[in-house]
Amino acid sequence: MKKLIFATNNEHKVEEIRNKLGGIFEISTLKEIGCTEEIPEDSGTLEGNALQKAHYLYNNYGCNCFADDTGLEVEVLNNEPGVYSARYAGESKDSEANMDKLLYNLKDKSNRNARFRTVIALIIDGKEYLFEGIAKGIILTERHGSKGFGYDPIFQPDGYNQSFAELTMDEKNRISHRGKAIEKLIEFLSKHENIK
Ligand code: IMP
């Protein structure tokens with residue numbers, strides 16, 4: 001079977017992809033190929049980071065691969081925290097502190113529009129392809145729900161009265177930024193079965 005490396009060790013992300021591509025591609029994680037070093041991702045944009053990670057793997061491990069990067073873009077904050085979403089409140093990557101900081105920065109703001117954006121960079125035989133998924137919504141004024149991760153308790157997707165943290169994982173995956181980007185990647189890969 002054709003092999004593809006996914007630049008992640010996140011089991012949830014891998015499982016979602018394997019469920020959908022398992023018949024066509026053998027998907028391996030970083031751990032499975034013995035990549036334990038930290039891969040650089042310091043380009044300053046989601047696209048740049050996804051490409052940086054995918055190129056690193058392609059150049060150092062010589063395999064077809066893909067990498068993703070996600071950010072929460074808040075309209076009234078000029079799309080911050082964006083590429084810095086994980087470490088918005090500091091290097092400890094603390095989700096609670098990140099949400100507190102965002103709620104504080106929006107405390108007097110009536111425009112609560114925001115979107116999650118995921119970019120996936122795929123490299124096949126040296127050629128690069130980008131796929132984007134967007135989930136639009138608003139930032140709530142307080143936390144709701146306990147499922148999910150990151151900013152989920154304060155993000156309410158358009159068309160819903162619940163936060164991401166109140167939806168089941170299946171419901172969230174169906175409408176999420178990452179779900180949409182993965183769908184595009186899968187559609188592309190299923191049509192390109194002649195990849196070596
Ligand atoms: P990553 O690129 O998938 O590691 O995402 C970067 C950061 O964005 C995470 O550390 C979270 O803070 C945030 N984030 C990404 N995806 C989600 C999501 O689906 N819900 C909530 N927060 C997310």
Side-chain angles (χ1 to χ4, degrees), residues 6-14 16-17 30 38-57 65-107 109 111-123 128-141 143-145 147-160 163-165 167 169 172-186:
F6 186 5
T8 189
N9 282 318
N10 181 320
E11 282 305 322
H12 294 293
K13 293 186 187 177
V14 178
E16 193 181 347
I17 289 269
L30 293 175
E38 188 133 337
I39 303 179
E41 46 175 325
D42 53 11
S43 79
T45 65
L46 298 176
E47 284 79 2
N49 280 358
L51 282 167
Q52 201 178 4
K53 287 188 274 186
H55 277 294
Y56 177 93
L57 278 185
C65 58
F66 61 95
D68 69 336
D69 205 28
T70 296
L72 175 62
E73 301 178 334
V74 180
E75 195 170 280
V76 77
L77 300 178
N78 296 320
N79 287 339
E80 279 182 16
V83 74
Y84 305 107
S85 295
R87 55 198 74 206
Y88 190 38
E91 284 305 313
S92 59
K93 298 187 178 177
D94 178 344
S95 293
E96 296 303 321
N98 287 339
M99 284 191 284
D100 285 340
K101 179 169 176 181
L102 186 55
L103 290 175
Y104 179 81
N105 286 340
L106 289 179
K107 70 177 169 7
K109 308 279 194 247
N111 176 359
R112 317 280 304 186
N113 294 338
R115 62 182 199 174
F116 277 110
R117 194 161 72 87
T118 293
V119 175
I120 295 179
L122 168 72
I123 301 190
E128 56 185 53
Y129 305 88
L130 288 176
F131 306 90
E132 183 187 61
I134 288 175
K136 289 187 182 171
I138 54 166
I139 303 298
L140 299 166
T141 52
R143 292 164 170 78
H144 291 270
K147 294 196 259 288
F149 71 101
Y151 297 86
D152 279 349
I154 59 170
F155 182 83
Q156 179 176 293
D158 283 353
Y160 287 75
S163 76
F164 262 172
L167 301 181
M169 202 203 284
K172 183 187 159 190
N173 284 344
R174 238 177 289 131
I175 59 167
S176 82
H177 41 296
R178 197 165 16 258
K180 289 177 185 167
I182 287 175
E183 280 306 320
K184 289 185 190 171
L185 170 74
I186 287 168

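Starting from 1, each residue takes its place in the sequence as its number. A quick note: this is a predicted structure, and the numbers were derived from the prediction, not measured.
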Asker: Ignoring hydrogens and angles, write down the donor-acceptor pairs under 3.5 Å from the side chains of residues 75-86, residues two or more places apart or on other chains.
Answerer:
{"from": "Glu75", "atom 1": "OE2", "to": "Asn111", "atom 2": "ND2", "distance (Å)": "2.9"}
{"from": "Ser85", "atom 1": "OG", "to": "Leu72", "atom 2": "N", "distance (Å)": "2.9"}
{"from": "Ser85", "atom 1": "OG", "to": "Gly82", "atom 2": "O", "distance (Å)": "2.6"}

Asker: For Lys13, give me all partners under salt bridge (Lys or Arg N to Asp or Glu O under 4.0 Å), at least two apart in sequence or on another chain.
Answerer: Asp68

Asker: Tabulate below the donor-acceptor pairs under 3.5 Å that side-chain atoms of residues 128-139 make, not counting sequence neighbours, or state none.
Answerer:
{"from": "Glu128", "atom 1": "OE1", "to": "His55", "atom 2": "NE2", "distance (Å)": "2.6"}
{"from": "Glu132", "atom 1": "OE2", "to": "Arg117", "atom 2": "NH1", "distance (Å)": "2.8"}

Asker: How far apart are the C-alpha atoms of Arg178 and Lys172, what are their side-chain angles, what is the distance that settles it, and do they pass the side-chain contact (heavy atoms from CB on, under 4.5 Å) test?
Answerer: CA-CA 10 Å; Arg178 197 165 16 258; Lys172 183 187 159 190; 4.2 Å; yes

Asker: Quick one: are Phe149 and Ser95 in side-chain contact, heavy atoms under 4.5 Å?
Answerer: no

Asker: Between CG of Asn98 and CG of Leu103, what distance do you get to the nearest 0.5 Å?
Answerer: 11.0 Å

Asker: Could you pull out the closest heavy-atom pair between Ala7 and Ala67, with the gap in Å?
Answerer: CB-CB, 3.7 Å

Asker: Does Lys184 have any salt bridge (Lys or Arg N to Asp or Glu O under 4.0 Å) partners at least two apart in sequence or in another chain, and if so, which?
Answerer: none

Asker: Rounded to the nearest 0.5 Å, how far apart are OG1 of Thr45 and CD of Gln52?
Answerer: 9.0 Å

Asker: About how many Å separate NE2 of His144 and CD1 of Ile154, when rounded to the nearest 0.5 Å?
Answerer: 10.5 Å

Asker: Using 30° and 60° as the class limits, which term best fits the ring planes of Phe155 and Phe164: parallel, tilted or perpendicular?
Answerer: tilted

Asker: Is Lys101 positioned over the aromatic face of Tyr104, cation under 6.0 angstrom from the ring centre and no more than 45 degrees off axis?
Answerer: no

Asker: Between Asn105 and Val74, is any pair of side-chain heavy atoms under 4.5 Å apart?
Answerer: no

Asker: At what distance, to the nearest 0.5 angstrom, does CD1 of Ile175 lie from CG of Asp158?
Answerer: 9.5 Å

Asker: Does a side-chain heavy-atom distance below 4.5 Å link Asn173 with Ile182?
Answerer: no

Asker: Can you name the closest pair of heavy atoms from Gly179 and Ser176 and give their distance?
Answerer: N-OG, 2.9 Å

Asker: Looking at residues at least two apart in the chain, or sitting in another chain, which of them share a ring-ring contact (aromatic ring centres under 6.0 Å, His included) with Tyr151?
Answerer: none

Asker: Which atom pair, heavy atoms only, marks the closest approach of Thr70 to Phe116?
Answerer: CG2-CD2, 4.3 Å

Asker: Please report the interatomic distance CD(Glu16) to CZ(Phe6), rounded to the nearest 0.5 Å.
Answerer: 9.0 Å

Asker: Only counting residues at least two apart or in another chain, list the ones meeting salt bridge (Lys or Arg N to Asp or Glu O under 4.0 Å) with Asp100.
Answerer: Arg143

Asker: Quick one: closest heavy-atom pair of Pro157 and Ser163, and the distance?
Answerer: CD-C, 4.3 Å

Asker: Is a side-chain donor or acceptor of Gln156 paired with a backbone partner of Tyr160 at a separation under 3.5 angstrom?
Answerer: yes

Asker: If every non-hydrogen atom of Ala121 is compared with every non-hydrogen atom of Ala54, which pair is closest and at what distance?
Answerer: O-CB, 3.9 Å

Asker: Are side-chain heavy atoms of Leu46 and Glu73 found at a separation under 4.5 Å?
Answerer: yes

Asker: Taking atom OG of Ser43 and atom CG of Asn49, what is their separation to the nearest 0.5 Å?
Answerer: 4.0 Å

